[in-house]
Q: 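Below you'll find the structure I mean.
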Amino acid sequence: MDPQTLLTRFGQSLRTARKRRGLTQAQLAQLAGVPRLKVIQIERGQASVGIGAYAAVAAAMGLEFTPIPARRPTLEEVGALLGDE
């Protein structure tokens, strides 16, 4: 499994959690103590964002990192990695 797919999946899971909690990106950013742009980058799974920012956003929603076995990427994920969106 490549790191970008893992980051993309993690960002998507944080976005889903934020929406389930009824939070806007701006509200989450305030709770996490990071700029809204950082929340956007995290939800996109950008590798340039430090792990501390990912942790701050997760912690602001009462979440933690839990390693689980990787699954194979879906066709959509492979297409996104190859720029075929």
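Starting from 1, each residue takes its place in the sequence as its number. FYI, side chains are in, hydrogens and waters are out, and symmetry mates aren't considered; it's all heavy atoms of this structure. All of these numbers come straight from a predicted model, not from anything done at the bench.
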Q: Can you get from Leu6 to Val49 by hopping between Ile, Leu, Val, Met, Phe, Trp and Tyr side chains that sit under 4.5 Å apart?
A: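 No; Val49 is not reachable from Leu6 via cluster members.
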Q: Could you check whether Phe65 and Tyr54 have their ring centres less than 6.0 Å apart?
A: no
Q: Does either side chain, that of Gln12 or that of Thr8, offer a donor lying less than 3.5 Å from an acceptor on the other one?
A: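 Short answer, no.
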Q: Report yes or no: do Val57 and Ile40 belong to one cluster of Ile/Leu/Val/Met/Phe/Trp/Tyr joined by side chain heavy-atom distances under 4.5 Å?
A: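 Cluster IDs for Val57 and Ile40 differ.
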Q: Of all heavy-atom pairs between Gly22 and Gln27, which one has the smallest distance, and what is that distance?
A: O-OE1, 3.8 Å
Q: Quick one: name the residues clustered hydrophobically with Leu37, using the 4.5 Å side-chain heavy-atom rule over I, L, V, M, F, W, Y, and just say none if it's on its own.
A: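 Result for Leu37 is none, singleton.
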Q: Would you say Leu75 has more than 12 foreign heavy atoms packed within less than 6.0 Å of its CG?
A: no
Q: How close do Ala56 and Ala32 get, counting heavy atoms only, and between which atoms?
A: O-CB, 3.6 Å
Q: Go through the steps for Ile42 and Val39 under the test side-chain contact (heavy atoms from CB on, under 4.5 Å), then give the verdict.
A: CA-CA 5 Å; Ile42 288 168; Val39 172; 5.6 Å; no
Q: How far apart are the C-alpha atoms of Glu43 and Arg18, what are their side-chain angles, what is the distance that settles it, and do they pass the side-chain contact (heavy atoms from CB on, under 4.5 Å) test?
A: CA-CA 10 Å; Glu43 289 184 355; Arg18 173 182 60 78; 2.5 Å; yes
Q: Applying side-chain contact (heavy atoms from CB on, under 4.5 Å), run through Leu14 and Leu28 and close with a yes or a no.
A: CA-CA 11 Å; Leu14 290 174; Leu28 177 55; over 6 Å; no
Q: If you measure from CZ on Arg15 to CG on Leu23, what distance do you get to the nearest 0.5 Å?
A: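 So the CZ of Arg15 and the CG of Leu23 are separated by 13.5 Å.
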Q: So, Arg21 side chain and Met61 main chain: donor-acceptor pair closer than 3.5 Å or not?
A: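 Yes.
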Q: Using every non-hydrogen atom in the two residues, find where Gln4 and Ala47 come nearest and quote the distance to one decimal.
A: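 What the structure gives for the nearest pair is OE1-CB, 4.1 Å.
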Q: Per the ring-ring contact (aromatic ring centres under 6.0 Å, His included) rule, what does the pair list look like for residues 18-53, sequence neighbours excluded?
A: none
